[in-house]
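Just so we're on the same page: letters track the sequence lines, and every chain starts at 1.
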Number of protein chains: 2
Amino acid sequence: MATRRSSKSRKDQPTMHDVARVAGVSQMTVSRVMRGAGYISRNVREQVNNAAREIGYVHNRLAGGIAAYDNPLVGVVVPTLQNRVFTEVLSGISDTLSTAGLRPVFGVSEYTQEAEEELVFDLLSWRPRGLILAGLEHSEAVRRIVEQTGVRVAEIMDIDGEPMSACFGVSHTEAGRDMASHLLERGYRSFGYVASQAGHDLRATKRFEAFATCIREGGGQLIAQRTSTEASSMVVGRHLTQDILTQPDRPDAIYYANDDLAAGGLMHCMSEGLDVPGEVAIAGFNGLGFLSALPLKITTTQTPRYEIGVAAATWISAPPEAQTEKLTDKLETKLHIGETT
Amino acid sequence: MATRRSSKSRKDQPTMHDVARVAGVSQMTVSRVMRGAGYISRNVREQVNNAAREIGYVHNRLAGGIAAYDNPLVGVVVPTLQNRVFTEVLSGISDTLSTAGLRPVFGVSEYTQEAEEELVFDLLSWRPRGLILAGLEHSEAVRRIVEQTGVRVAEIMDIDGEPMSACFGVSHTEAGRDMASHLLERGYRSFGYVASQAGHDLRATKRFEAFATCIREGGGQLIAQRTSTEASSMVVGRHLTQDILTQPDRPDAIYYANDDLAAGGLMHCMSEGLDVPGEVAIAGFNGLGFLSALPLKITTTQTPRYEIGVAAATWISAPPEAQTEKLTDKLETKLHIGETT
DNA sequence: CTGAAAGCGCTAACAC
DNA sequence: GTGTTAGCGCTTTCAG
């Protein structure tokens, strides 16, 4: 009898049948052992496991998934991996899914709805148990296919809006307003704003709008605004800050779309010998760990990034029956008042 | 005729048959359109695509994979997502795979071979086109199953050893030696070493061993060594540095297993008013972006993290035939001499 | 506790 | 260019 494993191609992987033959049981028994389903006598179980190990059998979940309509995969789409914010969320997702025996398959949308849409279709082709998407804004096609397939979607990061089924995140509107209140309280009245990713970061835009409204209502003015098309970084923050501060009319305080930009701003001020917060105050968003490495503690809004990932993944891991109508899980942010405001 | 989609369960997804019926073609034609295989007339193609969109059909790659023995998945195992080093590598992997139409499925090994082993079996159950693992050290079971299944494995980060099939990374031995040479050249003779993850970071261990050997050969001495079991962070670096520097016999220079620890060390020195590098020199590893946020530029070894991911993913993406015997792709590191040595 | 039969949704191979 | 047939490797269902 010719061996099936002569050519070492992917085609020649052993199957449950091969294991069954070696173990002297039926293929069905092998299936049960592999899945830990039903009662199998200790003896048989061991025989099967040994046979599997011997011939190098690996459970084939593709076949399993197609036959059982259920496979332990979760599709995850994040805007970028270059930003700690999302890798921390991803870490929470991965840890939690892993505990539940689920695996993340993922893609990066580069902050565009078009890429997200493509990814959603692609990920859906693996018949995942659920999807995790960032933000509440998605293309029509995404909404439609989600509706049509009935796949469960956890939308993360943002809660200011209506989720497709469930969302886990913070209120950016509230965060923007809180920071504005804090700065007004401190006596600042003329403000600058620095952002990046030119409008693609919808959460930052929400924060800013709430911030601006609150500032105006509080008698303040927004006198300078700079947005880069580039990704966030300290370098970008530094440049945009320089740009704002060399104008004749300087703001008392600058609100940054995130900590990276804010840290860059601080660097600019320090190297120019500008007094912070005396001459200009600085505020960021996120509360990233590296802030503690800076010579001055930057005022920022602390966000629970890892926890957002955990919450979303926990929901996805739960049996579908546990799914309630529409769930909005608001995690709390906290204003960290540092030495820059 | 009863509709198949009454209950909205995963079982009731439309199939190619349904699309075929709506489009008025055979199921095989739908298959061809979906895969972009063979020649299909423009007309038919559009009909099929419209029908698919209309009924919300999504290509089922589980079924495709099982029938075709080929599916665009790549298993990726990283030690952690809490460390920028690996998320940057992951970013390179993701970007590159995405371009090649492949998807990463991933797991986190927490720096242990046992977890890695479990993950490898788990990921293999999706019949991935390849695997990307960190480091050259793996359990016997991993080596065996890789051998038995014939799956292609790209080992990343390290090249000081024999890869199973291909490896992409830097020489940690060389990096350790280079840093030792630099410090000796600067005149330092008594050294401290600070690490974390207590021996689980095998690459750091390789650097340290090369470093220590070189130091001894150059007439230097290693007089203090501190290792934490915790994950790397500035806080850990700060504590261990304090610990070393409050001993009666203080080293001239401290080599840190990575930049986070080194930055923590710098913070300690600054807050104690210790002159760096006058009283103690500091050197890290990786060249992470946040170093430029620090008041003093830390001497470190720059590593091409994103590029390692790109190189590994590119290799995995290439057709298997292109696979040569054993490939070692050494990417270059660069000693960045800052203001701390 | 274990086995036999049927079929999951798709693609390879070949026909027309 | 498009259709037909025969499975891919597994799980479901039902027997025993």
Below 3.5 Å is the cut-off: list the nitrogen or oxygen pairs between protein and nucleotides 1-5 of chain C, distance only.
{"residue": "C:dT2", "atom": "OP1", "partner": "A:S41", "partner atom": "OG", "Å": "3.0"}
{"residue": "C:dT2", "atom": "OP2", "partner": "A:S41", "partner atom": "N", "Å": "3.1"}
{"residue": "C:dG3", "atom": "OP2", "partner": "A:S26", "partner atom": "N", "Å": "3.1"}
{"residue": "C:dG3", "atom": "OP2", "partner": "A:S26", "partner atom": "OG", "Å": "2.9"}
{"residue": "C:dG3", "atom": "OP2", "partner": "A:T29", "partner atom": "OG1", "Å": "2.3"}
{"residue": "C:dG3", "atom": "N7", "partner": "A:R32", "partner atom": "NH1", "Å": "3.1"}
{"residue": "C:dG3", "atom": "O6", "partner": "A:R32", "partner atom": "NH2", "Å": "2.3"}

Figure out the [atom1]/[atom2] separation between [X] and [N], and round it to whole Å.
X	N	atom1	atom2	result
A:M16	D:dC8	CE	P	15 Å
A:L62	D:dC8	CG	P	15 Å
B:D70	C:dC10	CG	P	17 Å
B:N60	D:dC8	CG	P	18 Å
A:I66	D:dG7	CD1	C1'	11 Å
A:N71	D:dG9	CG	C1'	14 Å
A:D18	D:dG9	CG	P	9 Å
B:W126	D:dC8	CH2	C1'	17 Å

Can you check whether [X] has a side-chain N or O nearer than 4.0 Å to OP1 or OP2 of [N]?
X	N	value
B:Y69	D:dG9	yes
B:Y57	C:dG9	no
A:S31	D:dT11	yes
A:R35	D:dT12	yes

Extract all donor-acceptor atom pairs below 3.5 Å that involve side chains of residues 138-146 of chain A and protein atoms in other chains or at least two apart in sequence.
{"residue": "A:H138", "atom": "ND1", "partner": "A:E116", "partner atom": "OE1", "Å": "2.8"}
{"residue": "A:H138", "atom": "ND1", "partner": "A:E116", "partner atom": "OE2", "Å": "3.3"}
{"residue": "A:H138", "atom": "NE2", "partner": "A:G135", "partner atom": "O", "Å": "3.0"}
{"residue": "A:H138", "atom": "NE2", "partner": "A:E155", "partner atom": "OE2", "Å": "2.8"}
{"residue": "A:S139", "atom": "OG", "partner": "A:E117", "partner atom": "OE1", "Å": "2.8"}
{"residue": "A:S139", "atom": "OG", "partner": "A:V142", "partner atom": "N", "Å": "3.2"}
{"residue": "A:R143", "atom": "NH2", "partner": "A:L136", "partner atom": "O", "Å": "2.9"}

side-chain contact (heavy atoms from CB on, under 4.5 Å) partners of A:E118, counting only residues at least two apart: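 Not a single residue meets the side-chain contact (heavy atoms from CB on, under 4.5 Å) criterion with A:E118.
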
Contacts of type side-chain contact (heavy atoms from CB on, under 4.5 Å), residue B:V44, not counting sequence neighbours: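 Checked B:V44 against side-chain contact (heavy atoms from CB on, under 4.5 Å); matches are B:V25, B:T29, B:I40, B:S41, B:V48.
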
Closest to side chain of B:A68, choosing from D:dT12, C:dG9, C:dA12: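 My answer, after comparing the listed nucleotides, is C:dA12.
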
Touch class at under 4.0 angstrom, heavy-atom based, for B:H59 against every strand present: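 If one applies the 4.0 Å heavy-atom cut-off, B:H59 turns out to touch the sugar-phosphate alone, with no base involved.
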
For B:F106, ring pair (Phe, Tyr, Trp, His ring centres under 6.0 Å) partners two or more places apart: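 Expected list: A:F106.
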
Parallel, tilted or perpendicular: rings of B:W315 and B:F168 (30°, 60°):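 Tilted: the ring planes of B:F168 and B:W315 meet at 30° to 60°.
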
Qualifying salt bridge (charged side-chain N to carboxylate O under 4.0 Å, His left out) pairs with a residue from residues 31-41 of chain A, counting only residues at least two apart or across chains: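 Passing the test, one end in residues 31-41 of chain A: no pairs.
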
B:N83 side-chain N/O to B:V85 backbone N/O, donor-acceptor pair under 3.5 Å: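 Judged by distance alone, yes, a pair lies under 3.5 Å.
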
